[in-house]
2 protein chains.
Amino acid sequence: MPEGNQATATTPAEFSEVFHSDCPARGVLDHITSRWGIWVLLALNEGDKRFFELRDSIEGVSEKMLSQTLRDLAGDGLVWREVEPTVPPKVTYGLNEVGRGVSVRLVDMFRWIGANAENLCAEQAERTGSGPATR
Amino acid sequence: MPEGNQATATTPAEFSEVFHSDCPARGVLDHITSRWGIWVLLALNEGDKRFFELRDSIEGVSEKMLSQTLRDLAGDGLVWREVEPTVPPKVTYGLNEVGRGVSVRLVDMFRWIGANAENLCAEQAERTGSGPATR
DNA sequence: CAGTATCCTGGGGGATACTG
DNA sequence: CAGTATCCCCCAGGATACTG
C-alpha cells in the first residue's frame with residue numbers, strides 16, 4: 001500500500017532508515033519475532049544443541065517449524081549449523097557472534113519482564129474496576 | 001568449526017519457570033512479539049503520541065490493528081492511555097515504567113542488529129557462494 | 001537421527017463502512 | 001479525531017507420512 005508517510009518532524013525515523021524494506025536486517029527482525037525465533041535463540045543461549053534437544057527444550061514446537069526457524073536464522077547469519085556425516089547423522093546448532101548479541105539482549109528483556117511481573121499483575125488488577133478485557 | 005561452547009550442562013529452565021502458561025508475563029510476551037507490538041513500543045519510545053500520530057509513524061499498520069495492539073499493551077500495563085473528553089476527542093498514549101524498560105531493551109537490540117547488518121550481509125553473501133563460513 | 005513433503009484449518013490481519 | 005463493526009482472504013503453522 002502506498003502510504004502518505006507524513007514524517008511528523010519529531011520522528012527521528014532512525015529505525016525506518018536502519019530497517020528499510022531493502023535492508024536485510026528487516027527480514028532478520030521478522031525471523032526473530034516469528035512464533036518460534038525467540039525461543040530458539042533463548043534455547044541456544046544456554047549452549048549448542050542438536051535438533052531433537054532443541055525440539056525437547058522448546059515446548060510446543062513442531063519439527064517442521066523448528067526446522068524452518070532454524071533455516072531462517074541460519075540464513076540470516078545468527079545461527080550456525082554443523083553436520084557430522086555419520087550414521088546416524090549428527091547436526092548441531094549454535095549462536096554466531098551476532099546471534100549471541102541478539103540472544104543476550106533478548107534474555108535481558110525477558111528478565112526485566114519477569115522481574116516486573118507483579119507490577120503487571122497489579123496494574124491489570126487495577127483495571128478490572130471498569131472492564132476486564134482479559135484477552 | 002564451531003568453537004567449544006560446551007552446553008554448560010546447566011539448562012536452568014529459568015524461562016520455563018518465569019513464563020509458564022499461567023503467568024501473565026507469558027501473554028505480555030505474545031503481545032510484544034505480535035505483528036505490531038514492537039513497532040508501537042518503538043514509536044512510543046520517542047515520546048507520547050496520539051492515535052493518528054502513531055498510525056502515521058508506523059508504516060503499514062491499519063487502524064484496526066493499531067487499536068487492537070494498543071488495547072493489548074494497555075491491558076498488560078506496558079502502555080497508558082489518556083482521554084481528554086473534548087470535541088473532537090484527544091487520546092494520548094505513552095509508556096509506563098515497565099513498558100519503558102521493555103522498549104529501551106528493544107531499542108538496544110535493534111541497534112545491535114543495525115550495527116551488525118554488514119556482518120549479516122557478509123555471511124549471507126558467503127553462504128550463496130556455497131561456503132560453510134561458520135562465524 | 002534429522003529432516004522433507006503434503007494436506008488442511010484457524011484466526012491474524014487487511015479493506016471498507018459506520019459512529020460518537 | 002478516534003475509534004468500532006463487518007466481511008473475508010491468506011498463510012502460518014499443526015498433523016501426518018515418508019526418506020536418507
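Here is how names work: the chains are called A, B, and so on, in the same order as the sequence lines, proteins then strands, and each is numbered from 1.
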Roughly how many Å is it from [atom1] in [X] to [atom2] in [N], rounded to a whole number?
X	N	atom1	atom2	value
Lys64(A)	dC18(D)	NZ	P	17 Å
Asp72(A)	dC11(D)	CG	C1'	15 Å
Tyr93(A)	dA2(C)	OH	P	8 Å
Ile38(A)	dA12(D)	CD1	C1'	16 Å

Notebook entry, point to check: Between Thr92(A) and Val61(B), which is nearer to the 5' end of DNA chain C once each is assigned its nearest nucleotide?
Noted result: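 Closest to the 5' end, via its nearest nucleotide, is Thr92(A).
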
With a 4.0 Å cutoff (strictly under), does any side-chain N or O of [X] reach OP1 or OP2 of [N]?
X	N	answer
Arg55(A)	dA2(C)	no
Ser67(B)	dT4(D)	yes
Ser62(A)	dA15(D)	no
Arg50(B)	dA2(D)	yes

Item checked: Nucleotide nearest Pro89(A) when distance is taken to its side chain, options dT4(C), dA2(C), dG14(C) -> dA2(C)

Item checked: Leu73(A) and its side-chain contact (heavy atoms from CB on, under 4.5 Å) partner, picked from Val102(A), Leu41(A), Leu44(A) -> Leu41(A)

Margin query: Does the structure place the NZ or CZ of Arg50(A) under 6.0 Å from the centre of the six-membered ring of Phe52(A), at an angle of no more than 45° from the ring's axis?
Written below: no

Next item on the list: Pick base, sugar-phosphate or nothing for Phe52(B), based on heavy-atom distances below 4.0 Å to the nucleic acid.
Entry: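 Answer is base: heavy atoms of Phe52(B) come under 4.0 Å of a base.
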
